[in-house]
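What follows is a short report on a single structure.
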Amino acid sequence: MTHLKEMIRRMITALVLGLGLFGTAAQAANSASPIQAELLPGWRLPSGDHVAGLRLVLAPGWKTYWRAPGDAGIPPVFVWKGSRGVSSVQVIWPVPKVFDQQGMRSIGYAKEVVLPLRIAASGGDISLRGRIQLGICKDICIPEELRLRADLPGNVTRPDARISAAMAEVPLSAIEAGVGRVTCEMQPSRDGLHVTANVEMPRAGRVEVAVVETGNPHLWVAEPQIERRSGALVARTEIMHVDGRAFALDRNGIRITVLGDRMAVDIQGCPAP
């Protein structure tokens, strides 16, 4: 129950910050803001889809967060309502860095990052409209809302080197990293499920960090505790419903990202032993 109370406290803090986003004017073009945003228009693919990029530049000492920001972070939210000629937008995440934030771990980016956007076109011209809610932190954390409007060119087919470089910086797949057998053992806990993941893989670096995601926004995942055992990385965590309800966990939806100074690895799915 202690874990659940701490989880709720952190979620309330994030919610309070999040509510402030709706009353905050867009800061993307304000030189006084700690974060500056630029939409890189990108290029059209032979399939008709489009690749663009969101370039974020942060003032010295400031950082923003990855899709799974850690216990001390604020998850980013992307809303593409009002876009035309768009059926979906996939945000592609380059390898993030791990930060220590007042004794808690956060995961994200400092200085500058380009987030590639893979836009599935529904036919014709593409008019992209975006509202992006971000948490940015230095000594304090504040919310920012960025609003983007762009008509994306359909006649440009030459890739943008900045976007291409960011797309090349994503974590390795399990196959590329030489990952072997991956299993997850699950046992009931007082508030949810204890999950122990066993991943047979080479070391990602001297220090390794594991992030576990479920694909379900209503589930909270505790920061995993990891160790090495007989050539395998073992990550132990607890998963709970944010409302304290019972839940079913889809093993195919489990995503484990291992971050190290040598490599980062994206592992999809975690079957039973």
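- No side-chain donor-acceptor contact under 3.5 Å links T196 to the backbone of R236.
- A continuous path of hydrophobic side-chain contacts links L146 to L58 [ILVMFWY only; heavy atoms under 4.5 Å].
- A distance of 8.5 Å separates CZ of R44 from CD1 of I119, quoted to the nearest 0.5 Å.
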Next on the checklist: Pair S127, R129 - check side chain to side chain donor-acceptor pair (under 3.5 Å), show working.
Outcome noted: CA-CA 7 Å; S127 180; R129 302 291 183 267; 2.8 Å; yes

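- Under a 3.5 Å cut-off, the side chain of E176 and the backbone N or O of L172 do not form any donor-acceptor pair.
- Here the straight-line distance linking atom CH2 of W220 with atom CG of D243 works out to 14.5 Å at 0.5 Å rounding.
- Counting only distance, with no hydrogens or angles, the side chain of D250 and the backbone of N252 share a donor-acceptor pair below 3.5 Å.
- Nearest heavy-atom pair, A121 versus G48, reported as atom, atom and distance to 0.1 Å: CB-O, 3.3 Å.
- Cluster annotation: L45 and L152 are assigned to distinct hydrophobic clusters (Ile/Leu/Val/Met/Phe/Trp/Tyr, side-chain heavy-atom contacts under 4.5 Å, transitive).
- No donor-acceptor pair under 3.5 Å is formed between the side chain of R251 and the backbone N or O of I254.
- Note on L39 and V156: separate hydrophobic clusters, where clusters join Ile, Leu, Val, Met, Phe, Trp and Tyr whose side-chain heavy atoms are under 4.5 Å apart, directly or indirectly.
- Counting only distance, with no hydrogens or angles, the side chain of S189 and the backbone of G192 share a donor-acceptor pair below 3.5 Å.
- In terms of heavy atoms, G42 sits closest to I163 at CA-CD1, 3.9 Å.
- Once rounded to the nearest 0.5 Å, the distance linking CZ of R149 with CZ of R131 reads 13.5 Å.
- For the atom pair CD1 (I256) and SG (C270), the distance works out to 4.0 Å, reported to the nearest 0.5 Å.
- Here the closest heavy-atom approach between residue W43 and residue S164 is recorded as CH2-OG, 3.7 Å.
- S106 contributes no side-chain N or O that, together with a main-chain N or O of G73, makes up a donor-acceptor pair within less than 3.5 Å.
- Counting only heavy atoms from C-beta outward, the side chains of V234 and I226 never approach each other to under 4.5 Å.
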Checklist entry - Is there a side chain to side chain contact (heavy atoms under 4.5 Å, CB included) between E227 and R229 once you walk through the steps? => result CA-CA 7 Å; E227 64 175 318; R229 185 189 300 165; 3.1 Å; yes

Item to check | Steps toward side chain to side chain contact (heavy atoms under 4.5 Å, CB included) verdict (E208, M263) | outcome: CA-CA 10 Å; E208 296 174 304; M263 65 178 178; over 6 Å; no

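- One hydrophobic cluster, built from ILVMFWY side chains closer than 4.5 Å, holds both I107 and I35.
- In this structure, L193 CG and L219 CG are separated by 9.0 Å, a value rounded to the nearest 0.5 Å.
- Two residues are said to be in side-chain contact when any heavy atoms from C-beta on lie closer than 4.5 Å; F78 and V89 fail this criterion.
- The main-chain N or O of R206 is found under 3.5 Å from a side-chain atom of D261 such that the two form a donor-acceptor pair.
- Here the side chains of P94 and M167 are not in contact, with every heavy-atom distance at 4.5 Å or above.
- With hydrogens and angles ignored, the 3.5 Å screen pairs no side-chain donor or acceptor of R203 with any backbone N or O of G260.
- Here the closest heavy-atom approach between residue G135 and residue Y65 is recorded as O-CD1, 3.4 Å.
- If you check the side chains of T183 and R181, you find no donor sitting under 3.5 Å from an acceptor.
- The side chain to side chain contact (heavy atoms under 4.5 Å, CB included) test with I92 is passed by exactly one of V114, V51, V170: V170.
- A donor-acceptor pair is defined here as one N or O able to donate and one able to accept, closer than 3.5 Å; no such pair exists between the side chain of Y109 and the backbone of V95.
- The shortest side-chain heavy-atom distance between L54 and I132 falls under the 4.5 Å cut-off.
- The 12-atom threshold is exceeded at CG of D100, counting heavy atoms of other residues, nucleotides or ligands nearer than 6.0 Å.
- Taking 4.5 Å as the limit, every side-chain heavy atom of V258 sits out of range of all side-chain heavy atoms of V199.
- Neither V211 nor I267 shares a network with the other; the hydrophobic side chains, linked directly or stepwise wherever heavy atoms of I, L, V, M, F, W or Y lie under 4.5 Å apart, form separate groups for each.
- Below 30°, between 30° and 60°, or above 60°: for F247 and H241 the angle between ring planes is between 30° and 60°, a tilted geometry.
- Within a 6.0 Å sphere centred on CZ of R245, other residues, nucleotides and ligands contribute 12 heavy atoms or fewer.
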Next on the checklist: Would W62 and D139 count as a side chain to side chain contact (heavy atoms under 4.5 Å, CB included) here? Give the steps.
Outcome noted: CA-CA 8 Å; W62 289 84; D139 300 321; over 6 Å; no

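- For R158, the CZ atom sits in a loose shell: 12 or fewer heavy atoms of surrounding residues, nucleotides or ligands are nearer than 6.0 Å.
- Remark: R118 engages D49 in a salt bridge, criterion side-chain N to carboxylate O under 4.0 Å.
- By the 4.5 Å heavy-atom criterion applied to side chains, L56 and L134 are counted as neighbours.
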Next on the checklist: Run V98 and L259 through side chain to side chain contact (heavy atoms under 4.5 Å, CB included) and show every step you take.
Outcome noted: CA-CA 8 Å; V98 179; L259 303 171; 3.8 Å; yes

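- A 4.5 Å side-chain heavy-atom check between W93 and T257 finds every atom pair outside the cut-off.
- With salt bridges taken as basic N to acidic carboxylate O contacts below 4.0 Å, one links R255 and D266.
- Donor-acceptor pairing under 3.5 Å is recorded for the side chains of E144 and S33.
- Here the CD-CZ distance, from E223 to R105, works out to 4.0 Å after rounding to the nearest 0.5 Å.
- The closest side-chain heavy-atom distance from H50 to P153 is below 4.5 Å.
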